[in-house]
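Right, one structure below, let's go through it.
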Amino acid sequence: MSLRPAEQMPVKIKIKTEIHQDGNKETFEFITFGRYYQKGESSFLQYEEVLEDGRINTTVKISGQEVLILRSGAVKMRMRFQEQKTLAGTYETPYGVLQTSASTKRIYKNTGFLEIVYDLQMQGQDAGTYHMTIRYEEE
């Protein structure tokens, strides 16, 4: 996927998240459509989720060794990931802003594929180990 700067490519995106907590495993999967583009040294993936509570616009920014996930709309969230580092983030609810921290175990990037494995804490409480994969291909 080589693009000229700021050229956007429509993509089909498959997102799968496995959450392991207290010996239990939950899996969430969905397929959506969005766009992929490059700006400077960074790659961006943008898509929209439609939930019962409303729409969520998500931007995934991949730059160097860092991944940033921004969500706005029905859910507001900001999370940063760097392998072998613990980084602070926020998760905004109608009841207030929750502080999060993600201890990233692994980030794997390849053309059309992103994998992040991390331990999540919300307000200092263990929220489980997350294994997220994002696959995207030209639509």
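Hydrogens, waters and symmetry mates play no part in the numbers below; they use all other heavy atoms, side chains included.
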Reported [atom1]-to-[atom2] distance for the pair [X] and [Y], which is rounded to 0.5 angstrom:
X: His131; Y: Thr17; atom1: NE2; atom2: OG1; answer: 9.5 Å
X: Lys85; Y: Ser103; atom1: NZ; atom2: OG; answer: 12.5 Å
X: Ile15; Y: Ile31; atom1: CD1; atom2: CD1; answer: 10.0 Å
X: Gln65; Y: Ile107; atom1: CD; atom2: CD1; answer: 7.5 Å
X: Arg135; Y: Asn110; atom1: CZ; atom2: CG; answer: 10.0 Å
X: Gln123; Y: Thr100; atom1: CD; atom2: OG1; answer: 9.0 Å

Identify, with sequence neighbours excluded, every residue that meets salt bridge (charged side-chain N to carboxylate O under 4.0 Å, His left out) alongside [X].
X: Lys25; result: Glu18
X: Lys14; result: Glu29
X: Arg106; result: Glu115

Hey, could you give me each pair passing ring pair (Phe, Tyr, Trp, His ring centres under 6.0 Å) that has a residue in residues 39-81? Not counting sequence neighbours.
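Pairs touching residues 39-81 that pass the test: Tyr37-Phe44, Phe81-Tyr118.
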Connected via hydrophobic side-chain network under 4.5 Å: [X] and [Y]:
X: Phe30; Y: Leu45; value: yes
X: Phe28; Y: Val117; value: no
X: Leu87; Y: Ile62; value: no

| query | Salt bridge check: are Arg55 and Glu48 linked by an N-O gap of less than 4.0 Å? | reply |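 Salt bridge flag = yes for Glu48 with Arg55.
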Item to check | side-chain contact (heavy atoms from CB on, under 4.5 Å) partners for Arg78, two or more places apart | outcome: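 side-chain contact (heavy atoms from CB on, under 4.5 Å) check on Arg78 returns Leu68, Leu70, Arg80, Thr90.
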Should Gln99 and Gln121 be marked as a side-chain contact (heavy atoms from CB on, under 4.5 Å) after you check the CA-CA gap, both sets of side-chain angles, and the distance that decides it?
CA-CA 8 Å; Gln99 299 303 312; Gln121 286 200 323; over 6 Å; no
Is the shortest heavy-atom distance from the side chain of [X] to the side chain of [Y] under 4.5 Å?
X: Val67; Y: Leu114; value: yes
X: Ser42; Y: Lys61; value: yes
X: Thr27; Y: Lys16; value: yes
X: Arg71; Y: Met79; value: no
X: Glu139; Y: Phe33; value: yes

Q | Tyr36 vs Ser43, side chain to side chain donor-acceptor pair (under 3.5 Å): CA-CA, chis, key distance, verdict | A | CA-CA 7 Å; Tyr36 172 87; Ser43 300; 3.3 Å; yes
- Message: Would you say NZ of Lys12 has more than 12 non-hydrogen atoms from neighbouring residues, nucleotides or ligands within 6.0 angstrom?
- Response: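 No, because the 6.0 Å sphere around NZ of Lys12 holds 12 heavy atoms or fewer from other groups.
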Quiz prompt | CA sep, side-chain torsions, deciding dist, call: Ile56, Leu51, side-chain contact (heavy atoms from CB on, under 4.5 Å) | solution = CA-CA 8 Å; Ile56 302 169; Leu51 304 174; 3.1 Å; yes
- Query: Given Ile13 and Ile134, is the side-chain contact (heavy atoms from CB on, under 4.5 Å) satisfied, shown in steps?
  - Reply: CA-CA 7 Å; Ile13 304 165; Ile134 301 174; 3.8 Å; yes
Item to complete: Begin from the C-alpha positions of Met132 and Ile69 and carry the test side-chain contact (heavy atoms from CB on, under 4.5 Å) through to its verdict.
Response: CA-CA 12 Å; Met132 180 171 62; Ile69 299 178; 3.3 Å; yes
Legend entry - ILVMFWY clustering at 4.5 Å (side-chain atoms), partners of Phe113: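 Answer for Phe113: Tyr108.
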Q) Short question: side chain of Asp126, backbone of Gly128 - any donor-acceptor pair under 3.5 Å? A)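 Checking the backbone N and O of Gly128 against the side chain of Asp126, a donor-acceptor pair under 3.5 Å is found.
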- Message: Could you tell me if Glu66 and Gln82 have a donor-acceptor pair between their side chains, going purely by distance under 3.5 Å?
- Response: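 Result is yes, a qualifying pair exists.
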(Q) My understanding is that only one of Leu98, Val97, Leu120 makes a side-chain contact (heavy atoms from CB on, under 4.5 Å) with Tyr91; could you say which? (A)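 Per the side-chain contact (heavy atoms from CB on, under 4.5 Å) rule, the option paired with Tyr91 is Leu98, out of Leu98, Val97, Leu120.
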